[in-house]
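Because the structure is a prediction, the values reported are computed rather than measured. Chain identifiers are assigned alphabetically (A, B, ...) following the order of the sequence lines, protein sequences preceding nucleic acid strands; residue numbering begins at 1 within each chain.
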Number of protein chains: 2
Amino acid sequence: MANEHLQEAVNTLKNTKVRMTPQRHAILEYLYETMNHPTADDIYKALESKFPNMSVATVYNNLRVFKNVGIVKELTYGDSSSRFDCVTTDHYHIICSDCGKIVDFHYPGLDEVETLAEQVTGFQVHNHRMEIYGSCQDCKVAAH
Amino acid sequence: MANEHLQEAVNTLKNTKVRMTPQRHAILEYLYETMNHPTADDIYKALESKFPNMSVATVYNNLRVFKNVGIVKELTYGDSSSRFDCVTTDHYHIICSDCGKIVDFHYPGLDEVETLAEQVTGFQVHNHRMEIYGSCQDCKVAAH
DNA sequence: TTATTACATGATAATTCTTATAAATAATTC
DNA sequence: GAATTATTTATAAGAATTATCATGTAATAA
């Protein structure tokens, strides 16, 4: 299941003439297997045992490459470091304000918002971003 | 007009027992008069002439205080520093991917998205964030 | 009003996240 | 397989933000 998407991503990279390296493959693999919205550091630490010599810069470099090709999205929140999400289908995120957990939330794209925004502001709209914040079930319980 | 909101904000601070200081007032005043989504550094520089001795830390500290009280929102984007927006009425932002301009965009709150998210994920939803990205009129033209 | 207390400021250092640089290495092309 | 080009690694540099702490200032109580 995850492997199919991974394979797709590898193919996309081949078509755009990005070289496949062991590090690159491992980062992709991690992203597609955990589906966990990790930070660059999460990835770095997770692959430490497999690639003891890998540099943090490599993680950042490759995440940027993946982003440019369009197979990975960067999510930025105020307080901490960026998180990275492999793009499979369109979905939004709901984030726990207490523990930081990120859960996928599927919802039809807000196309009508985009069209209205175009009309009102005169922008040419490319895309939008939405996140929902709240307390997850665990943290709701813990609050008592 | 802006002054009314400013006054409201000052009152809110009084009620929550946050002390009023000249620096604090100046930062608030700047936020409510420009309505410009400035960065911390923008504010720091704008008040340099009035408060030559003010520290950057003071700007950051107070923005955090305002955020905690709820009169200011922090907007974070991937590449650069946070921007701060005084909370007046509900509105969204449309951001130019080329020049970074931020324009307010009024749209009814997406309450139905919040309710659905609650049902699907079991979260207790507090709020959400949405931004629209595109090319502003100036940059659309410049692209030719 | 004065003394006391608690919070705010300012200067600077420290931290964190991310990017740049340059030499070494690995992958592709011919 | 040699030449070319991209990638990795290690490290330094950079930018944004936060921590520290001595000093100053506002609120509170006597």
query = What are the two closest heavy atoms between B:Cys96 and B:Ser135, and how far apart are they?
reply =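 Heavy atoms only, the tightest pair is SG-CA, 4.0 Å.
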Starting from [atom2] on [N], measure out to [atom1] on [X] and report it in whole angstrom.
X	N	atom1	atom2	value
B:Leu13	D:dA26	CG	P	16 Å
A:Leu47	D:dT9	CG	P	11 Å
A:Met20	D:dA6	CE	C1'	13 Å
A:Arg19	D:dT4	CZ	C1'	8 Å
B:Ile43	C:dT9	CD1	P	14 Å
B:Leu75	D:dA16	CG	C1'	16 Å
A:His25	D:dT8	NE2	P	14 Å
B:Asn53	D:dT25	CG	C1'	15 Å

ask   = Given that A:Lys17 and B:Asn62 both sit by DNA chain C, which one's nearest nucleotide is further toward the 5' end?
value =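 Closest to the 5' end, via its nearest nucleotide, is B:Asn62.
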query = Do the charged groups of A:Asp98 and A:Lys140 touch, with an N to O distance under 4.0 Å?
reply =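 Salt bridge: no.
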query = So, are B:Lys50 and B:Glu48 salt-bridged, with charged N and O less than 4.0 Å apart?
reply =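 Salt bridge: no.
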Tabulate protein N/O versus nucleotide N/O from nucleotides 13-22 of chain C, keeping only pairs under 3.5 Å, one per line.
| residue | atom | partner | partner atom | Å |
| --- | --- | --- | --- | --- |
| C:dT18 | OP1 | A:Ser82 | N | 3.2 |
| C:dT18 | OP1 | A:Ser82 | OG | 3.3 |
| C:dT18 | OP2 | A:Tyr60 | OH | 2.4 |
| C:dT18 | O5' | A:Tyr60 | OH | 3.4 |

On the nucleotide [N], are OP1 or OP2 found under 4.0 Å from the side-chain N or O atoms that [X] carries?
X	N	value
A:Thr21	D:dT8	yes
B:Arg24	C:dT9	yes
A:Gln23	C:dA26	no

request  = Taking the six-membered ring for Trp and the full ring for Phe, Tyr or His, determine whether the centres of B:His128 and B:Tyr92 are under 6.0 Å apart.
outcome  =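 Yes - the distance between ring centres of B:His128 and B:Tyr92 falls below the 6.0 Å cut-off.
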inquiry  = What verdict does the side chain to side chain contact (heavy atoms under 4.5 Å, CB included) test give for B:Val113 and A:Met130, after you've listed the backbone C-alpha separation in whole Å, the side-chain angles of each residue and the deciding distance to 0.1 Å?
reply    = CA-CA 10 Å; B:Val113 178; A:Met130 179 176 67; 3.6 Å; yes
Separation of A:Leu110 CG from B:Tyr107 OH (nearest 0.5 Å) =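 If we round to the nearest 0.5 Å, B:Tyr107:OH and A:Leu110:CG are 7.0 Å apart.
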task = Nearest 0.5 Å please: distance from the CG atom of B:Asp85 over to the CD atom of B:Glu74.
result =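 Answer rounded to 0.5 Å: 11.5 Å.
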inquiry  = Would you call the rings of B:His106 and B:His91 parallel, tilted or perpendicular, taking 30° and 60° as the class edges?
reply    =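 Judged by the thresholds at 30° and 60°, the geometry between B:His106 and B:His91 is tilted.
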ask   = In degrees, rounded to 10°, what is the bend between the two ends of the helix from C:dT1-D:dA30 to C:dC30-D:dG1, using five pairs at each?
value =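 For the helix from C:dT1-D:dA30 to C:dC30-D:dG1, the axes at opposite ends meet at about 40°.
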key: Worked check of side chain to side chain contact (heavy atoms under 4.5 Å, CB included) between A:Ile94 and B:Val125   = CA-CA 9 Å; A:Ile94 181 162; B:Val125 171; 4.1 Å; yes
